[in-house]
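Letters A, B, ... mirror the listed sequences (proteins, then strands); counts begin at 1.
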2 protein chains.
Amino acid sequence: MSDLHTSTEVAIERMREAILSGDLRPGEKLHQDKLAEMLGISRTPLRTALTALAQSGLVSYESNRGFYVREFSFADVAGAFQVRAELEATACRLAASNMSEAAERNLFELVEEGDRLLSSDSLPPENLVPYRRMNVCFHTAIMNLAANPWIRTFVESLHNVPLASDRVIMWRDFYVIRRSHDDHHRIARALSLGQGERAAAIMREHITFALEHLHTQLEQFPGDFLRVPTVDPRPKRARARNQNRRNTA
Amino acid sequence: MSDLHTSTEVAIERMREAILSGDLRPGEKLHQDKLAEMLGISRTPLRTALTALAQSGLVSYESNRGFYVREFSFADVAGAFQVRAELEATACRLAASNMSEAAERNLFELVEEGDRLLSSDSLPPENLVPYRRMNVCFHTAIMNLAANPWIRTFVESLHNVPLASDRVIMWRDFYVIRRSHDDHHRIARALSLGQGERAAAIMREHITFALEHLHTQLEQFPGDFLRVPTVDPRPKRARARNQNRRNTA
DNA sequence: TTTGCACAGAATGTATCCAAAATGGCTTAT
DNA sequence: ATAAGCCATTTTGGATACATTCTGTGCAAA
């Protein structure tokens, strides 16, 4: 299964989950003793994990003062979308030069899978996870075709920004999803025709609009976005944490 | 001085230096005992430092098998330039909308400083470090003006790719430097005129050409690029390491 | 000769313990 | 009453010791 062999790796993964899912709240102090006990490990691997997460930007750190869950402003989130739009647009431009028979087929298969999942006039809840999976695969496939490892690396790290992740998709408005998938159609077609610039333009707008839509949704349904189901909802006992929050009063 | 308060932070910084300067060679195994002794610290902070460097991509790691200095292919280096070109071009586009009186003045001051450093018909060795400093400041200033923290973050992490760093500049051909600085002039002017797209285009080419030139130089003078002087050449005893290099033959 | 196993040595991963630094409350002087 | 300074407690950082995993060598069997 999971190739997480060491406590450190497990701790990194669990804490990432906990932070992205909101179990650990932004700004929250990460007490080493408590966290270590909570995860059932000692402070050594925990500290290592925290350092790693600090490097990847999910937690902040001050010497001799400890670790805190990093707080992201809306500007951070918006910036993440902006950069993601540029990076993935670049990926499209590059991918257009690297298309192969197989790559083309792969993209169209993903698009068709999306068609199936959206074939009714709504997205049934049981199709939500598969659709998200398809979406991730589609974007990842293009970045792989771009044959530039940095694009993937950076886009992945942008997915660690709470609201900028692929795991957050606005499921309220079916038309938006349909239109978004329409973009996928056009991108795949453009790429297969070697129209890199066109694919890039569509991709840029595809992601830019996602931000705009997120913004709208946030104003309309504020505070409804931190409890996001994870892609891999295996049981985690790291959850039993934020009970005793109020006794700070 | 340096705000590195803990051994861990010192270790991170030293090892980054050692790797980027080539004292630790690509692919080299990083023995924890030896390294710890070498740095005069115990394995605990060293391991933390290694984990951090692994996250930021300078070293690779396999569970229970240890850390290695990451090897970069030329494709990696080329990809780093490619992405850097896009990111910094984006920074220009964004910066153009955020220009202020002070920002404009700052950019022009940097450009003029470059003029002074290049005023003779060659770059005297004692001007090398100041010029490089100016160059870093210029690029950083634009990214700051873009007001998108991710651009800076990612470009900084691309500077951790050995040959893609600002610390590697081809000093052989004075005309290339002059022309490169000419780009700075035009970028500053374009930004001050609100010509974001133009600035972006110049910046993209500015960086793309740097790669092309690096490529040429690598073919012409291979193997001459790993011994790069560091910006901050304070004495480091981590150096006393690569004596026994030839006995790999 | 080659393949597989076992054991010894070494290196990694983790826990525990100690030192250093910071936080918070208290006293004291103004 | 307020503010500065000092001490106790808490928390972090690092060193050491222990457990686990891996590697490589040698021997035995096919």
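- Taking only side-chain nitrogens and oxygens, A:S42 comes nearer than 4.0 Å to OP1 or OP2 of C:dA15.
- On the nucleic acid side, DNA chain D contacts chain B at distances under 4.0 Å to non-hydrogen atoms, with the end points of that region at D:dG13 to D:dT23.
- The ring-ring contact (aromatic ring centres under 6.0 Å, His included) contacts involving residues 15-47 of chain B comprise nothing, where partners must be two or more places apart or lie in separate chains.
- Applying the side-chain contact (heavy atoms from CB on, under 4.5 Å) rule to B:E86 yields the partners A:T90, A:R93, B:R204; only residues at least two apart in sequence or on another chain are considered.
- Counting heavy-atom neighbours within 6.0 Å of A:E101 CD, excluding the residue itself, gives a total of 12 or less.
- For B:E156, the salt bridge (charged side-chain N to carboxylate O under 4.0 Å, His left out) partners at least two apart in sequence or on another chain are B:R152.
- Using a 30° and 60° split on the angle between ring planes, A:F72 and B:W150 fall in the parallel class, below 30°.
- For A:E113 against A:P130, the heavy-atom pair with the smallest separation is OE2-O, 4.4 Å.
- We find that CD of B:E9 is positioned 14 Å from P of C:dA21, with the value rounded to whole Å.
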What string of B, S and - do you get for nucleotides 6-13 of chain C, 5' to 3', when a contact is any protein heavy atom under 4.0 Å? -----SBB
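- Residue pairs meeting the side chain to side chain donor-acceptor pair (under 3.5 Å) criterion with at least one member in residues 43-54 of chain B, sequence neighbours excluded, are B:Q32-B:R43.
- In this structure, a donor-acceptor pair under 3.5 Å is absent between the side chains of A:N160 and A:S157.
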